*Asks:* 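My structure is below; once you've seen it, I'll send some questions.
Values in this document were obtained by computation on a predicted structure and should not be read as measured data. Both backbone and side-chain heavy atoms feed into the values below; hydrogens, waters and symmetry mates do not.
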Amino acid sequence: MTKGRTIAAATIGAAALLVSLAEVADAAQCGNGPGGFEAWKREFSAEAQGKGIGQTAISALMQTNYATATINADRSQHSFSLSLDQFLAKRGAATIVARGRSLKQSQAAMFASIEQRYGVPPGPLIAIWGMETGFGSQRGNQNMLSSIATLAYDCRRPEFFTEQLYAALKLVDRGVLSGATRGSMHGEVGQTQFMPKNILAYGTGNLDVAANALSSTANFLKANGWRAGAGYQPGEPNFAAIQAWNAAGVYQKAIALMGRQIDGGGGTAAAR
């Protein structure tokens, strides 16, 4: 690199740093307890209005409460540190597989339509459905917007959840979600537990309806590299798409294993 280019690059880098520092200075300040949440909401609402978020969503945000239960859950996610056998037992894998096989047969037309469109077979979709909500029976009863706003305010992972909060506010503005929408501890909603950014990107309708949630899940997997007809066990081409769905290694292996068993595969060794 020439000296002139070096100076130019340094100038550009310095300018970018100043812009970044200015954005940090302007951003609503995170906190580690409920004390600053109301002030944060006011600051964040002003920022959100400046970025085009409408009054319906702003009003919904201002009505949120600090979600203590969400913070407690976020601090105590111990199941992902279990061994695969322990995780499968804790999550009721045998029950999921048995029920999943039955659903694969009773809902054969729906799963055939999804596979034809997205290339994803029933097994992994059913495993995700069973793992996430017990086939729709446990979708959570937390206020979705309060949960996500609390996590966006919390200093542990504000960047990730700020993106989720903006997505949630857009969905509220569009009427897809509302300030009263209920979900799980981290703001996941629907039969397969979608976060707001993924609803925007991959949602195919009301996610409380199983067919829509499963189609949306297949859409997500396809967008993350799923190849029709390829394997989805660890080391096989489609396992990466399962990894994109959830970052926990034990969860990924569990979905691959249960999916194979639902789809008619054999024992467990290849999944470990």
*Asks:* Centroid separation under 6.0 Å, is that true for the rings of W226 and Y232?
*Replies:*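 Y232 vs W226: aromatic centres under 6.0 Å.
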
*Asks:* For the backbone of A28 and the side chain of E47, can you confirm whether one donor and one acceptor N or O come within less than 3.5 Å of each other?
*Replies:*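 A pair under 3.5 Å: yes.
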
*Asks:* Going through the distances and angles, do T192 and F220 end up as a side chain to side chain contact (heavy atoms under 4.5 Å, CB included)?
*Replies:* CA-CA 11 Å; T192 56; F220 173 96; over 6 Å; no

*Asks:* With distance as the sole test, does D173 use its side chain to make a donor-acceptor pair with the main-chain N or O of G54 at under 3.5 Å?
*Replies:*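 At least one qualifying donor-acceptor pair exists.
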
*Asks:* Between the side chain of N224 and the main-chain N/O of A244, is any donor-acceptor distance below 3.5 Å?
*Replies:*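 Not at all, since once roles are kept as given, no pair shorter than 3.5 Å links the two residues.
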
*Asks:* Within the side chain of T64, is there an N or O that forms a donor-acceptor pair under 3.5 Å with the backbone of S146?
*Replies:*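 Checked: no pair found.
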
*Asks:* For the pair Y153 (side chain) and G36 (backbone), establish whether a donor and an acceptor sit closer than 3.5 Å, ignoring hydrogens and angles.
*Replies:*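 Checked: pair present.
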
*Asks:* Where is the tightest heavy-atom contact between A60 and G179, given as atom of each residue plus distance?
*Replies:*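 Taking A60 first and G179 second, the nearest heavy atoms are CB-CA, 4.0 Å.
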
*Asks:* What's the spacing between I96 CD1 and E132 CD if we round to 0.5 Å?
*Replies:*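 Spacing of CD1 (I96) from CD (E132) equals 9.5 Å.
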
*Asks:* Evaluate the side-chain proximity of H186 to F161: yes if any heavy-atom separation is below 4.5 Å, no if none is.
*Replies:*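 A side-chain contact under 4.5 Å exists here.
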
*Asks:* Do the side chain of S83 and the main chain of Q86 share a donor and acceptor less than 3.5 angstrom apart?
*Replies:*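 Side chain of S83 to backbone of Q86, a donor-acceptor pair under 3.5 Å: yes, one is there.
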
*Asks:* Report yes or no: does N141 contribute a side-chain atom to a donor-acceptor pair with the main-chain N or O of G183 at less than 3.5 Å?
*Replies:*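 Here the side-chain-to-backbone pair does not exist.
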
*Asks:* Under 3.5 Å, which donor-acceptor pairs link side chains of residues 108-128 to any protein atom two or more places apart or in another chain?
*Replies:*
none

*Asks:* Let me confirm one number: the OH-CG distance from Y202 to L207, rounded to the nearest 0.5 Å.
*Replies:*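 Nearest 0.5 Å value for the OH-CG distance: 13.5 Å.
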
*Asks:* For the residue pair I148 and A168, what are the closest heavy atoms and their distance?
*Replies:*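 Heavy atoms only, the tightest pair is CD1-CB, 4.4 Å.
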
*Asks:* L169 versus L145: any side-chain heavy-atom pair under 4.5 Å?
*Replies:*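 Contact flag for L169/L145 side chains = yes.
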
*Asks:* What residues form a side chain to side chain contact (heavy atoms under 4.5 Å, CB included) with R139, not counting sequence neighbours?
*Replies:*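 Partners of R139 by the side chain to side chain contact (heavy atoms under 4.5 Å, CB included) criterion, ordered by chain and then number, come out as T133, Q191, Q193, D208.
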
*Asks:* Is there a path of hydrophobic side-chain contacts, each under 4.5 Å between heavy atoms, that joins L151 and L200?
*Replies:*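 Same cluster.
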
*Asks:* If you define the side chain from C-beta out and look only at heavy atoms, does anything of R260 sit under 4.5 Å from L257?
*Replies:*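 In short, these two side chains touch, coming nearer than 4.5 Å.
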
*Asks:* Is there side-chain contact between F135 and W129, with heavy atoms separated by less than 4.5 Å?
*Replies:*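 SC-SC contact between F135 and W129 confirmed.
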
*Asks:* Is N143 close to N65 at the side-chain level, that is, under 4.5 Å between some pair of heavy atoms?
*Replies:*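 They are not in side-chain contact.
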
*Asks:* To the nearest 0.5 Å, tell me how far I255 CD1 sits from M131 CE.
*Replies:*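 It comes to 4.0 Å.
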
*Asks:* Of the non-hydrogen atoms in N72 and S76, which two are nearest, and what is the gap between them?
*Replies:*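 Where N72 meets S76 most closely, the heavy atoms are O-OG, 2.9 Å.
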
*Asks:* State, yes or no, whether a side-chain contact exists between M144 and R182 at a heavy-atom distance under 4.5 Å.
*Replies:*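 Contact flag for M144/R182 side chains = no.
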
*Asks:* Between G187 and P196, what is the shortest heavy-atom contact and its length?
*Replies:*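 Taking G187 first and P196 second, the nearest heavy atoms are O-CD, 4.3 Å.
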
*Asks:* Can you confirm whether C30 sits close enough to W40 that some side-chain heavy atom of one is under 4.5 Å from a side-chain heavy atom of the other?
*Replies:*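 The answer is no, as the side chains (C-beta and beyond) never meet within the 4.5 Å cut-off.
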
*Asks:* May I ask you to decide if the ring planes of Y166 and F44 are parallel, tilted or perpendicular, using 30° and 60° as cut-offs?
*Replies:*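 The arrangement is tilted - the two ring planes meet at 30° to 60°.
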
*Asks:* At their closest point, which heavy atom of L84 faces which heavy atom of K253, and how far apart are they?
*Replies:*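 That closest heavy-atom pairing would be CD1-CB, 4.1 Å.
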
*Asks:* Mark yes or no for whether Q233, through its side chain, and F239, through its backbone, hold a donor-acceptor pair below 3.5 Å.
*Replies:*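 Here the side-chain-to-backbone pair does not exist.
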
*Asks:* Measuring from L61:CG to Q49:CD, what's the distance to the nearest 0.5 Å?
*Replies:*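 It is 10.0 Å, given to the nearest 0.5 Å.
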
*Asks:* Once you round to the nearest 0.5 Å, how far does CZ of R101 lie from CD of Q261?
*Replies:*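 Separation between the atoms: 6.5 Å.
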
*Asks:* Test side chain to side chain donor-acceptor pair (under 3.5 Å) on S59 and Q63 and set out the steps.
*Replies:* CA-CA 6 Å; S59 296; Q63 293 175 41; 5.5 Å; no

*Asks:* Check whether any side-chain heavy atom of V209 sits under 4.5 Å from a side-chain heavy atom of N206, and report yes or no.
*Replies:*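 Yes. Closest side-chain heavy atoms under 4.5 Å.
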
*Asks:* Quick check: closest heavy atoms across P158 and C155, and the distance to 0.1 Å?
*Replies:*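 Minimum heavy-atom separation between P158 and C155: CD-O, 3.3 Å.
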
*Asks:* Pair S215, T204 - check side chain to side chain donor-acceptor pair (under 3.5 Å), show working.
*Replies:* CA-CA 7 Å; S215 292; T204 62; 4.6 Å; no

*Asks:* If you draw a 6.0 Å radius around NZ in K104, do more than 12 non-hydrogen atoms from other residues or ligands fall strictly inside?
*Replies:*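 Yes, NZ of K104 has more than 12 neighbouring heavy atoms, counting only those of other groups under 6.0 Å.
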
*Asks:* Counting only N and O atoms by type, is there a donor-acceptor contact under 3.5 Å from the side chain of T70 to the main-chain atoms of M185?
*Replies:*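 Here the side-chain-to-backbone pair exists.
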
*Asks:* What distance separates L171 CG from Q164 CD, expressed to the nearest 0.5 Å?
*Replies:*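 Output value for this atom pair is 10.0 Å.
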
*Asks:* Would you say Y66's side chain and A149's backbone share a donor-acceptor pair under 3.5 angstrom?
*Replies:*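 Between the backbone of A149 and the side chain of Y66 there is no qualifying donor-acceptor contact (under 3.5 Å).
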
